[in-house]
Every structure is written in C-alpha cells, then in structure tokens.
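So the structure is just underneath, and the comments pick up after that.
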Amino acid sequence: MSVTELPRAAEAPEAPAARRRPRSPWRSRISRFDLRYTPYLFILPFFVIFGVFAVYPLLYTGWISFHEWAIIEGDQGWTGLGNYQDLFADAYFWNALLNTGLLLVLGTGGELLAALWLAAVLNRKLSGSAFWRAGVVLPHVISVVAVSLVFAQLFGYQTGIFNDVLELVGFDRINWQANRWSAIIAVSTIIIWRWAGYFALIFLAAMQGVPHELNEAAMLDGASKRRIFWSITVPSIRPTIVFCVVMSTIIGMQTFAEPQLFDVQGTEGTGGSDRQFQTLMMYLYEKGFREFNAGYAATLAWVMFLLIAVVSGINYALSRRIASKD
Amino acid sequence: MAAGAAVIALTASGCGGGSSDSANGGTVTLTVTTHVDYGYRNLYKEFEKTHPGIKVKEVLVEDLPKKLVTQLAANRGAADVVGVGDDIIGKFKPSHERFLNLADHGVNNTDDPWVQWAYDAGTVEDGKFVMGLRTDIGGLGICYRTDLFKKAGLPTEPEKVAELWPTWDDFTATGEKFSKKVKNASFTANTGDIWVGMGNQHKETFFAESDDSFIADKNTELKQDFLTAANMSVRKVSGGYPPFSPEMANALKTGKAATAVCPAWKLDRTKEASGPDNAGKWSVAAAPEGGNWGGSYLMVPKQTKHPKEAVELARWLTSSKTQKQLFLDEGYLSSHPKVYNDPEVQAKKDPYFSNAPTGKIFAQAADSMEPIYRGTKDSDVASAFMNALLRVEQGKQKPEAAWDQAIEDAKKVAG
Amino acid sequence: MALALRPAPRPRPRPRTERSGALVYATLVGVMAASLFPLYYSFVLPTRDNSAIGDSALTLTPGGNLFHNIQRVYDTVDFWLALRNSMIISSTVTVCCVFLASLAGFAFAKLPFRGRNALFVTVVITAMLPTQLGMIPLYMLMGELGWIATLKAVIVPALVSAFAVFWMRQACDEAVPYELVEAARVDGCSTLGIFWHVAMPAVRPQAAVLAMFTFMATWNDFMWPLIVLDPSVTPTVQTALSSLASGYALDYTLILSGAAIGVLPLLVVFLLLSKQIVAGVMQGAVKG
C-alpha cells in the first residue's frame, strides 16, 4: 500500500484506535481520508505555485536553449545541441567555471568555517546576545550599493585602505583587480563577510539544541574545548551542517553580486580586464542581458543547473562523511 | 487656466492612470523612462501646461536596457517614451519594428533640424525609419586643474591650453612635460575615458557602414588611437584611476589627476566629485581633435496606447526650443546647431570652472564632428577594448599585445 | 534514499554554560566592527556632502547634512510608498512562505505517503535551478495574467521556496518525535491538528529563523521587482534606491541616505524575531 515506506509511522494509528471509544463510520472514513490524502494537500500548494511560477519558466528556458534565440525577437531557428557545442568550446565558459570553482573553495568554504566559529562563539553565555546576533547578520542585510562603495575604498589600488596598511608594513601595493589570485582573495573576503553571519545564525539555532549533558560529561573527562567542539558539537548538528553545505554550494555556484560589485566597471564589466574574476552567473548576465543572446544564456543556465546538481551531490556526500567523523 | 482646472478635476475623479480613456476626453498619462536622469523634471510641467489633457510621469530605472528588452520581448509594460544612450541604440536597431517609425508621425530633419550625424544615428533603413530622436550630445572637452598646470609651468587660459594639444600625441607630450615638473600627480585620470573620446572621432570604428561587418582588425586609424591611448599608461601620463569609480572621484578631488575627459554632461559630475572646496581650481579647454561623447535618443515603443501624444512629447522634449532651455538650466549640450550656435548659448560660462566659455568650447566640438557609424554589436565589442586598455594600465600587457588580444576577443563576440 | 537526513538529538532547554571571558568579548567586538562598518559608513557619509566619497581616508566623522539628505531622498522618490510596498510584499511572502513550507516540510518529515521520497528529491532539485534565467518567460506569464506592475507579480512566485521546504523538513525531522505525532493521533487529532498543535510549536525557533531569512531576502530582492514592477506606481525600497542611483552624476550621499533608511525596518524585524528564536529554544518547545 501507499504507506510501506515508513512502517513505524504507518502502523501506529490503527492499533491504538481499538482501545479508544468506537468511532462512527463517517468519522473513520474522514480519518482514513485524512491519513491518506492530507499529506498530499500539505505539499500541494508548494508544487502548484512552484510549478507554475518557477518550473514552467525554466522548462521554457530549456526549450530556448535549443534555439538561436534573440532576447527581443525570440526564436531565430532550431539549432539542436548547437548552443551546447559552442558553450563547451568557449574558453570564457571554462574560465568562468574555474573562477566559480575557486570562489566556491575559498569563499564558500571560508564562509562556512567562519560561520561555525562565529556560531560557537555566539553559543556561549553572552550578555546582550540579541545585539551580537543582529550584528553578525548585518553584512547580509545592508544594501549592496553601500557595500560596493565601502569595498571600493578598501580594495582601491592607489587609495585603498588595505594597500595603505600593506605599504605601512613594508609591502608593495597590490592591484587587487588586476590578477586572478588577488581578485579571488578579495572577492572571497567579500563573500565571507556577507555570508558568514547568515550561516552562523543557522548553525547557532542548531547548536542551541545540543544537550548540554554531553558537553559536561566530556568536560569531566578532561577533554579540551576544541575537542569538545569538534567531537561533540559538530557531529550533533550534522544534519544542519549538511544542509548548510548543500545550500551554500547552490548559492556559491551562482555567485554574482560580490564579484560584480568588485568590478570597477560595474555591470558593464566582464569581471576584470582578462575576466580573471568573472563567474558563471556574470557570464550568463553578459550573454543574456548585454549581448541579448538568450539562446546562449539559456544554455549556460541549464549547464549550470547540471553542474550545481553534481557539485551539490558531491558536497553532500563529503559533508556527511566529514561531519560524522569523531 | 480653465483647461488646467479640468485636468485636475478629471485626475481627481480617477480618470488618470494611462489607460485608453483618451477617446472619451479623459486625461492621458504618459510615462517616460530614461536610462539616466536627462534633467527633464521641470520641463514636464511646462509640457503639461501647453498640452492640456496630458500628464507626464517620469520613471528613473537603473540598468534600463535590461528592463526594456524584457518589456519589448513580452510586448507589454514599456513606458510610452523611452530614452537610451547613443552607445546602445545600435543593440535595438535589429528590433526597430518594436518602435514607432517616427517618420510616419511627421518627423524629419528639415523643420527644426538636428545636427545631421546625430539625427542619422537614430535612423535605420537608410533614414526611412526614424527610430529615435536625439536628446543632448556630449561634445568633448578636457577638464584641467589650473593650480597643477601653473605648478608645471603650463598655461592656464582655455585657449592657450587647447593650443598645447592639437592632437592626442601632443596631449601625451604635454603630459610628459607635466610629469617632469609635478611628481605627486598624474597628468590624466585614465586611458579608458580618452579612448572613448577618441573613438567618437571617426566615421567608422568597429563595424563597416556598408554591411555591418567587423572591421576593427583592419581599421588602422582605430589601432593608432588605441596605441596612443595605451601608451599614455606606458609613459606614465595616465594615473589609472578607473572611469566612474570612487577612486577617480578621489583623484579629482585631491588633485592626483590634472586632467579628465569632459563632455558637457560630465561637468556636473566633476563638480560633484571635486567638491565646493575646489571651485575655481578647475577649467575646461577644447579636446584634441574635437569629438563627442554621449547623448541619448528618445524612442516610442509600438506597444504604447497613446502613440500620438507620446510622439508629440518626444518631439517637444528634443526640439531646439526645449533643448536651449535645458542647456541654460542644466548644462546639457543641445544636438541642434541652431541652439549651440545661438549667441546666448555660446556666451555661457561656468564659474566653477574658472569661467571657461563652456558654451563655445562644446559647440565647436559638436560642429567639427563627422557622422559616426555604430554597428549593431558596437556595445558588445566595446568592452574587449576597454579591458585591453585596462590590462596595459595594470602592467599585464604591452600595447601591441593588448590590441591583438582585444581583436581576438572582439571577434568572438562579433561572430 | 540518499537525501533523507537522519534525525538529530532533539532540542532541550540548555542549562547555563560558564561565563564568557574578556577574550570572547574582544573577538566579538572585532567581528562586530567589521560587520557594522559599512552600515556606520552609510549613516555617516550622508551626513556630509557628495565630495566626501572622494576623500582618501574613509570619512568617519559625521557632518551636519543627514536630515537634509534624507529629505532629498523623500523629494526624489516616493519613499513612503516604497516602504509601504516593501512591507506588504515582505510580510505577506514571509507569513505564507513559512506556513506553506512548514506544511510541506512536516508532510515530508513525518507523514507517510506514496511517492514521498521522489517528491522530496524533486524539491531539492528545484532548489538548484538558477531562477534568473526563467525571468523572461515568467514576465510573459505575468503579462498573460495581467499582473505586471502589481505587487502580486512579486508576491505570488515568492510564496513558496524549495529552500524553505528543505529547511522546515529538516526542522520537523529533528524537533518533532514520531511518538508525539502518534500519541496525538491516538488522541483523535486530525493531521492538520497535529501539524498545528504538535509540529508548529516544536519547530517555532526554526520557523522564526526561516521567517527572518525570508523577510531579509524578500526585502532585499531587487532584480525581479525591478523588471516586473513599475517604479512610479509600485516602487519597492530596492527599486527606489536604484532610481536614486540612476543619475549621470552618481549622488552618493543620496544613495547611501536611502540605503540607511531602507535598512531600518529590517533591523526592527530582526530584533523582534531574534527574541522569538531565543524564547522558542528556552521554553523547550517539545514537552515530555
């Protein structure tokens, strides 16, 4: 029957029913209906709304990817897999993929580690905890315009504060936008800054649920705080960690705002003079909304989707394994 | 007055709102969306006064092309009058059928004529289809710091300064002279702005007028321009402050750059960036080899419900009478020869810029312009060249190598 | 099923840990400084005039122009209307999204039904779709529905989110024990009743976190509102801010003044919900 997948939940309602006052047939019919169909009613709104307003447009986009498609004029003829062939032969695509990968490792990886650390700090007994929590999430809520102005002043080549500091301690000024490594480091910094607090709050919510007896027992055994954190706290919030890894991977694969606002040429820019920090999403934007080449952009979107699925899957498996290690 | 009162009454009774109630004598509301602020705000009131029954609402949208393409693709939602920059109108030319042919609505270039090149660039099908009406033009000037020029032993009067640089090569040479005397400031802010200014001095740049084919690789004039601009980085004449960045604003304010490329619409920006403390330290001179940078077109999407009124508004906003007022009030240079040759316009001086005769300088630049051809993919390939200049500025490439890569990059986009 | 996550130990009231030392506070102050800085900056810069953006050091001391600049924001765009619209959009989306995601999340976590795992995988996969590119077909759809330039066009597509379902499923999985669901059913509770009286109280903290993030994301959403709404009739805070940024001469003090007043409602919502999260955890949502 329909309920074979989860035996322990499925068997439960029938057995105890006998112990209770007898039901009218009408009531029991309602109850059976309730048991069988209510779950579907619960998930129905999601699938209806999501289907109409997200899946349909995206399938349409998939259809577009098999055509020459100008954004305004629409269909210019079927090309089959032509766009996909072009994309895989496109050096800019591989370049953007490399950059996205680097940012995923440095930025997304960094943001999760920073978030874990922040959550551990916030999980202590603190006075004014609401204030600290509001504080860490602020970078995420402040308008991107303000953020871009501030970071332009921090990472500026000739007038930037970071370079002033470097010079002060005897290093050369760095033209942050000019090279891949410096640009990736800078953009990763912005990503970590914007997202660490966001994920820290999610981790924190989970850490608050970790039974304290576990920690106390370990402390009595003389374990160090660091060891307690890694061998008790982290495994206890494993599902949340896995969730955050998958979610941040999906977000990280679509990184757009941070490298975009790091580009001195703004939306006119290509992510650096040699596309040294152009991400997949930036390239998609360039193709779709600057060159009006919807067919190509749609192709890129679908390839991105597949990549995201693969990378998220790998990260899911990895994070499950790592987080469960004691 | 009575008409005005009627308009108010009708609006109050809920007849406004831009739906198709013009037929039964209600108020027509026209929306205007422009890619940046065109300085029209006060003009709308005047238009409403002289055109009873029409109300105008302006909507500013950042990144307008993106919104506009979506609206054109879906065939709904576009404003009645849209304004886009002259650098991007080419992108819309293949879709000109989505806009009204203004020639069908009585537009031509004989009554109240625009400067020919500016009018032509808004047309397709050999001028038979008028797609956009030219708003302002940029002209081209060079803003310079008189205090730094004095320090370098250079003249400070606009006429004398212009004589320093009849060509861009002279401009570079002046820069080298400057750099010898003044150590803590660059001669000019960046090479990107200079390249954009130069690019508008030729009949053809990236694409051939005859068949829209990619010709940048064979365009020796263009390559010469590129090398001249790129060499300003190599010879340390340019400071490498990125165009439109806070760093550039900083350089202007703190006197780290002695010159900047200044079309008319950029004067205000320079003023804002430098702040009131620097009033009188700046001046403007004619740019080497004349030229133009910037300006826009008003177009009427075919989906408008009020074609007649929308065309009327677009014509009115771009007419010589309106444009003269716009120059005197807001400093936007007119695209009508009649206006920029008007004695009142030519007599305009700007006190912030040491009373330089801005009206005259920009008019001369506009008048010396040749018509430019802009390909449909002009704005797509432009970034390849901007990036190339940036690579030279960042010390990653020599000018020749940067040019070669720019051509390769541009070819990929041009197809 | 590879993606079915194992339930974790369920939350319980946490006894006090040892007090935090000066080092912890020092670290926090450092983190806080980095977090607050741009906000501080976007309050300070508007107190000065535009050329302050060009100062070589960051401008750190306030000037006297704040109210003048805020006034200019209200003169330039209809900021009250924008605030009102953003409030309507964000609160509707938040309430509906959290409610619908809780319903679906609860069903996926605790109710047996045929095709459950397959459907849940569908949800996870949909979370991976880059929705940016669905924009033009979506816009056409809105045209067919006649929703362009109405708030509906922004609200309805955001009513559900795959992330939210994913999140609430996880929450229910961890915080709602099967025994409790069964016990409630024995007591004659309908499925809806169990959801409302058993599951929802148990996942309140997680729902509050989700609400907070949904509200923030909706408030800051920019691209789609910009495309589908009419900034003159239905502005949101973000599209109004972008209107401020569309001049030839970028008016930094104006933009940042707008950014500063645009973030205030968000902070209020955050502080309100933040209390809720703590309270939820402290009172021990799951009894027994």
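Here the structure is a predicted model, which means the values were calculated and not measured.
- At a 4.5 Å heavy-atom cutoff, L138(C) makes no contact with chain B through either its backbone or its side chain.
- Of all non-hydrogen atoms in K67(B) and L226(C), the two that sit nearest each other are NZ-O, 2.6 Å.
- A pairwise comparison of heavy atoms in Y139(C) and A74(B) identifies CD2-CB, 3.1 Å as the closest pair.
- Minimum heavy-atom separation, M140(C) to A73(B): CE-O, 3.9 Å.
- In terms of heavy-atom pairs under 4.5 Å with chain C, the best-connected choice from T70(B), T270(B), N75(B) is T70(B).
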